[in-house]
A.B. asks: 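Sharing a structure here in structure tokens format.
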Amino acid sequence: MQERLKELQTEALEKISQASDLKELNDIRVSYLGKKGPITEVLKGMGKLSAEDRPKMGALANEVRDAIAAGIEEKQKHLEEAAVQEKLALEKIDITLPGRPVKTGNLHPLTRIVEEIEDLFIGMGYTVAEGPEVEKDYYNFEALNLPKDHPARDMQDSFYITDEILLRTQTSPVQARTMEKHKGKGPVKIICPGKVFRRDNDDATHSHQFMQIEGLVVDENIRMSDLKGTLEVFAKKLFGEDREIRLRPSFFPFTEPSVEVDVSCFKCSGKGCNICKKTGWIEILGAGMVHPNVLEMSGFDSKKYTGFAFGMGVERIAMLKYGIDDIRHFYTNDMRFLKQFSIQE
Amino acid sequence: MFVSYKWLQDYVDLSGITPAELAEKITKSGIEVEGVEVLNEGIRGVVVGHVLEREQHPNADKLNKCLVDIGEGEPVQIICGASNVDKDQKVAVATVGAVLPGNFKIKKAKLRGEESNGMICSLQELGIESKLVAKEFSEGIYVFHQDAEVGTDAIELLHRDDQVLELGLTPNRSDCLSLLGVAYEVAAILGREVKLPETDYAKSNENASDYIRVDVEATEDSPLYIAKIIKNVKIKPSPLWMQGRLMASGIRPHNNVVDITNYILLEYGQPLHAFDYGRLGSKQILVRRAKDGEIIQTLDEAKRELTSEHLLITNGQEPVALAGVMGGLDSEVQSDTKTVLLESAYFKGATVRKASKDHNLRSEASARFEKGVDPNRVRAAAERAAHLLAKYAEGEVLAGSVEANTLKVEPAVVSVTLEKINRVLGLELEMKEVEDIFARLQFETNIDNNTIIVTVPTRRGDITIEEDLIEEVARLFGYDNLKSTLPIGSATPGHLTAYQNKRRIVRRFLEGAGLNQAITYSLTSGLKATQFALENREPIRLAMPMSEDHSTLRLSIVPQLLNVLKYNAARQNDSLAVYEIGDVFFSQGSDNLPEEREHLAGALTGLWQSQPWQGEKKIVDFFVVKGILEGLFAKLGLEKAIEFRQTGKEGMHPGRTAEIYLSGSSIGFVGQTHPTVEKEYDLKETYVFELSLKAILEAEVEPLHYQSIPRYPSITRDIALVIDKDKAAGELESIIIDAGGALLKEVHVFDLYEGERMEAGKKSIAFSLKYFDPERTLTDEEVVKAHDKVLHAVKEKAGAVLRG
Ligand SMILES: [Zn+2]
């Protein structure tokens, strides 16, 4: 009997090792360990054994049973793993095929620059002020120290609708309107982006419509050195930490003193190249201390208050920053142009 | 303004400073030097030659064979094509080995078999612009006067060994429209002296007043008029140095008298006019306004009709000059002129501007009058001209001058405190430093405690208020020496307004949804301005448009976006999605500013999604665009307030267009463009939308409030309803929501079937309904009850039956 059990074990383990799939293995389980299996059959003959041998034989039978069960379990695990492997092998894909595109659009480069500048100045305590594109002559010129017969009006030939109404030639009227709203009480700290219009024929460097962004600070004790410091922060943020600025005296009717501001060339770092016309400097904006006439006309006491203002063409900044050679690109909206401004630097 | 470096040295010592260094210094202190031109750049080896013999080239009709003494070795043979070359002339010869502008090297050559050892030059060949070459030499070689010494450097003789600074003057610095003005500026920058030009001449026994009387009727327009008489002038070319300086300044030489008036214009900034006294036709100058319709024939031979706004110089009767603009033809100085009447006057800028504008005659003279000449230089300029006429035209200057003078010249006195200067600039200057700056400018100053009182010379008419003085201090102290600080004082919170912030969210949303931002022009054609407008209003036209295409303010953005699609589609890009945020303009009468409203518009065409290797394609359709808008409205918390209603609109597909309502008010539209529009723009099926951004960004939105997450399960029931084909799903949905009561929390369409298996004229719409109560688990009976109500209502109100 003992031999029979040993034999069964060897036989079963042999079959298990040969089993090639789960079904076969299950058949082995049923045939060896089932109620009608050979081990049960063997145990039926236990009655013939002595009381002494019976527990021994019982223990052996259980041993054999366990060994077979363990064999089956091990084999089953093995087979299952193989089955998974096989399935996964069949599921292999070509991962070099392109992904499912997520279609997104992007911001126009001018808006991108405007938002960048807005955010910079918001961080320095400015708010964003906006105003109408169609403006009164008063706000566009007169309130900015440009009376009707002023020769500097020729500098910005304008689109008039009536004698008193025109398309604004600058965003400065927003400054005049904002100061007026403050009713002579500072501080005023605003940044004014917007579309402006001038009588120019559209070509590579001129556009009858373009975008400007201006800043204005009016408070007690605003100094010209504050203007210089502010613009330095601006230039470094927009064109890089290593940039320096240079102020050159200039003339604008609404500021006194007036300056033009150059930034050290970001391409050649001042050595001289074609972008900076070999000077090492690139003109980026106009600025100055708010003219007392402008302060007074907008209701501020020019004895008590001083202020600075600056303004720049957004297209020019974008053209310099990205190396764009034709201003008309901004308004043609060619996708091959717009799509290039989707990357976040 | 062109400034000759050599000429400037007459008034300021420039030793130790190169033209380039000077340019840099001038730029840094306020006047931008736009360029420095080296007049003799790239020229070498040009000498004065003497044409000893000239004969016709044996083999060429148009060539001359010349024997020229070039002052070195034997005379050389030169073949010359100029028709004005002749024996005994002194000419400019580019010798063998010479270099002319454009790196043109002169070599020995054979021309039609004859040897040529150099080239006889025209001024153009020496790098002088044609418009600056005196008329007699404009068509051929240049001929020197007989005294020119053979072998000397011709370029030096022509005074071309010079450099010219081009100043870009801002309107306030018209004082630098003269060499003397520039001299004062440069002297201030360098801290050097200004040397004034000579004005003396021999005294005549005769008096000018015996020859002429001057009356000014229009004293407002001409408060100062000075006439001088110079007798026995000899008209001839002016000296070469003067011609050289005029050419360097962009003025063509004529003859000595005319050149001297131009020279003074450049030197003093004071325009002068020389009349031929003998041709004046009277002994009187009368300055008056023209009569309407009066005619003058000016120097350029044009006959000009005048109005009473124009100022005339007359001989008492007839006009002889259009004041400050151009002289009359009849009294022009000619080669036989003997006596010259020299006019130096102060004409009012606005009057001159009117005439120069009306007659389109902008000249060096009118430009200076328009900007205002220095009243204190009118007389000095006349005296200086007299000096030069005596010297270079051998004239006899009659004693005195005849004047009509009502001009009051008061120099401006402006004061500023040291404290204010330092406060505005953020500096800590001492009074001594400030005083020194004004001394360099040659402004007279007085100090009263901490106040500096400045008497401003009349040449600097731009300085009238204390800020002007502060600017002078700043620019001469140097902006480079300014500190960099940031404003101190009350802190202000920087932020975007709620509106501006939401506008950015709209942009981000649309970009995330696949639309590209476009920016187009606010001006469009009269025809396109009103297309697709949300309101039928009169468009606003410019008074003087530059072109019809940009003549009218837009009432809608859609036409321009269609243009953007058209442009791109024509360049092999026909799957497009763009949006624009911008203002449109509605008239409120011509006396008022228009209503400017910020709109959001979009245009989409072609493929919306495609994944070629997976065989997927999705064309943009109405529901793609509607879905984007619904997503946007949901983002802005307006989902429940928005309604789409079927509509008809010009330019739009009659069956595929919806008007968008916000809380019952129309705010825009969305839909497919009409096939005729698509054809007009060469587009395939295209969808557009435009709505008032202002309306959606300013709409009241419930404040965000947390709702607890449901703890009880919901029950979903799906129904498919069969209804008439023309019934709208939205209508059915409203009925369901109304009937579903408080327990019905969500309804959405999940299927639409209009296929063959439907009865004719019918369609099936499937809805998914979700019931739930946040407080408890619903019982079946409750849901059945609510659901039966829904089924009843759709049958009663829309004739919808459950699909079997
Ligand atoms: Zn550079």
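In what follows, every chain begins at residue 1, and chains take the letters A, B, ... in the order their sequences are listed.
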A.B. asks: Is B/Tyr521 in contact with chain A via its backbone, its side chain, both, or neither, using a 4.5 Å heavy-atom distance?
C.D. replies: both
A.B. asks: Need one label for A/Asp163: side chain, backbone, both or neither, based on atoms under 4.5 Å from any heavy atom in chain B.
C.D. replies: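 Neither; nothing under 4.5 Å.
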A.B. asks: In terms of heavy-atom pairs under 4.5 Å, which option from B/Arg475, B/Lys483, B/Met546 contacts chain A the most?
C.D. replies: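 If we count pairs closer than 4.5 Å to chain A, B/Met546 comes out on top.
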A.B. asks: Compare all side-chain heavy atoms of A/Asn140 with those of A/Leu146 and state whether any distance is below 4.5 angstrom.
C.D. replies: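 Result no, sub-4.5 Å side-chain heavy-atom pair not found.
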A.B. asks: Pick from B/Ile465, B/Val564, B/Leu486, B/Asn573: which one has the most heavy-atom pairs with chain A under 4.5 Å?
C.D. replies: B/Leu486
A.B. asks: Identify which part of A/Asp262 has an atom lying under 4.5 Å from any heavy atom of chain B, answering side chain, backbone, both or neither.
C.D. replies: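 Neither part, no heavy atoms under 4.5 Å.
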A.B. asks: Is any side-chain heavy atom of B/Leu553 closer than 4.5 Å to one of A/Val134?
C.D. replies: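 SC-SC contact between A/Val134 and B/Leu553 confirmed.
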A.B. asks: Under the ring pair (Phe, Tyr, Trp, His ring centres under 6.0 Å) test, which residues partner B/Phe585, sequence neighbours left out?
C.D. replies: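 Scan of B/Phe585 (ring pair (Phe, Tyr, Trp, His ring centres under 6.0 Å), adjacent residues dropped) gives none.
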A.B. asks: Given a strict heavy-atom distance threshold of 4.5 Å, which part of A/Phe330 is in contact with chain B: side chain, backbone, both, or neither?
C.D. replies: backbone
A.B. asks: Quiz question: by atom type and distance under 3.5 Å, do the side chains of B/Gln517 and A/Thr111 form a donor-acceptor pair?
C.D. replies: yes
A.B. asks: Under a 4.5 Å cutoff for heavy-atom pairs, which residue among B/Leu425, B/Leu482, B/Ile519 has the most contacts with chain A?
C.D. replies: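 It is B/Ile519.
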A.B. asks: Hey, can you tell me if A/Phe234 and A/Phe310 have their rings parallel, tilted or perpendicular (30° and 60° cut-offs)?
C.D. replies: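 Tilted: the ring planes of A/Phe234 and A/Phe310 meet at 30° to 60°.
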A.B. asks: Which bit of B/Ala518 is near chain A, if near means a heavy-atom gap under 4.5 Å: side chain, backbone, both or neither?
C.D. replies: both
A.B. asks: Please state whether the side chain, the backbone, both or neither of B/Asp591 comes within less than 4.5 Å of a heavy atom of chain A.
C.D. replies: backbone
A.B. asks: Which answer fits A/Lys136, side chain, backbone, both or neither, if we ask what part of it has an atom under 4.5 Å from a heavy atom of chain B?
C.D. replies: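 When you check distances to chain B, atoms from both the backbone and side chain of A/Lys136 fall under 4.5 Å.
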A.B. asks: Using the six-membered ring of A/Tyr139, assess whether NZ or CZ of A/Arg177 lies under 6.0 Å from its centre and within 45 degrees of the ring axis.
C.D. replies: yes
A.B. asks: Is it the case that the side chains of A/Tyr331 and A/Glu315 hold a donor-acceptor pair, with the cut-off being a distance below 3.5 Å and no angle test?
C.D. replies: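 A donor-acceptor contact under 3.5 Å links the two side chains.
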A.B. asks: Taking side chain as everything from C-beta outward and backbone as N, CA, C, O, which of these in B/Thr27 sits under 4.5 Å from a heavy atom of chain A? Side chain, backbone, both or neither.
C.D. replies: both
A.B. asks: For residues B/Ile540 and B/Thr552, determine if any side-chain heavy atom of one lies less than 4.5 Å from a side-chain heavy atom of the other.
C.D. replies: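 In short, these two side chains do not touch, never coming nearer than 4.5 Å.
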A.B. asks: Heavy-atom distances under 4.5 Å only: say whether A/Val233 touches chain B with side chain, backbone, both or neither.
C.D. replies: side chain
A.B. asks: Can you tell me which portion of A/Glu164 sits under 4.5 Å from chain B's heavy atoms? Options are side chain, backbone, both or neither.
C.D. replies: neither
A.B. asks: Distance only, no hydrogens: is a donor on one side chain within 3.5 Å (strictly under) of an acceptor on the other, for B/Arg554 and B/Thr520?
C.D. replies: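 B/Arg554 vs B/Thr520: donor-acceptor pair found between side chains.
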A.B. asks: Heavy-atom cut-off 4.5 Å, strictly under: side chain, backbone, both or neither for B/Asn568 against chain A?
C.D. replies: side chain
A.B. asks: Between A/Ile165 and chain B, with a heavy-atom cut-off of 4.5 Å, which part of the residue counts as in contact: side chain, backbone, both or neither?
C.D. replies: side chain
A.B. asks: Which answer fits B/Glu616, side chain, backbone, both or neither, if we ask what part of it has an atom under 4.5 Å from a heavy atom of chain A?
C.D. replies: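 Interface part for B/Glu616: side chain.
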A.B. asks: Answer with yes or no after comparing the ring centroid distance for A/Phe197 and A/His208 against a 6.0 Å cut-off, counting only values under it.
C.D. replies: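 No, the ring centres sit 6.0 Å or more apart.
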A.B. asks: Can you tell me which portion of B/Arg507 sits under 4.5 Å from chain A's heavy atoms? Options are side chain, backbone, both or neither.
C.D. replies: side chain
A.B. asks: Check whether A/Ser342 gets within reach of chain B through its side chain, its backbone, both or neither, counting any heavy atom under 4.5 Å.
C.D. replies: neither
A.B. asks: Assess, by modelled atom type and distance only, whether the side chains of B/Glu511 and A/Thr104 contain a donor and an acceptor separated by less than 3.5 Å.
C.D. replies: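 No, no side-chain donor-acceptor contact under 3.5 Å.
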A.B. asks: So which part of A/Ile245 gets closer than 4.5 Å to some heavy atom of chain B, the side chain, the backbone, both or neither?
C.D. replies: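 For A/Ile245, neither part sits under 4.5 Å from chain B.
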A.B. asks: Determine, stepwise, if the pair B/Arg504 / A/Glu118 fulfils salt bridge (Lys or Arg N to Asp or Glu O under 4.0 Å).
C.D. replies: CA-CA 12 Å; B/Arg504 284 199 184 183; A/Glu118 282 176 354; 2.6 Å; yes
A.B. asks: Can you tell me which portion of A/Asp334 sits under 4.5 Å from chain B's heavy atoms? Options are side chain, backbone, both or neither.
C.D. replies: both
A.B. asks: Which region of A/Met335, side chain (C-beta onward) or backbone (N, CA, C, O), has a non-hydrogen atom less than 4.5 Å from a non-hydrogen atom of chain B, or is it both or neither?
C.D. replies: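 For A/Met335, heavy atoms of backbone and side chain both lie under 4.5 Å from chain B.
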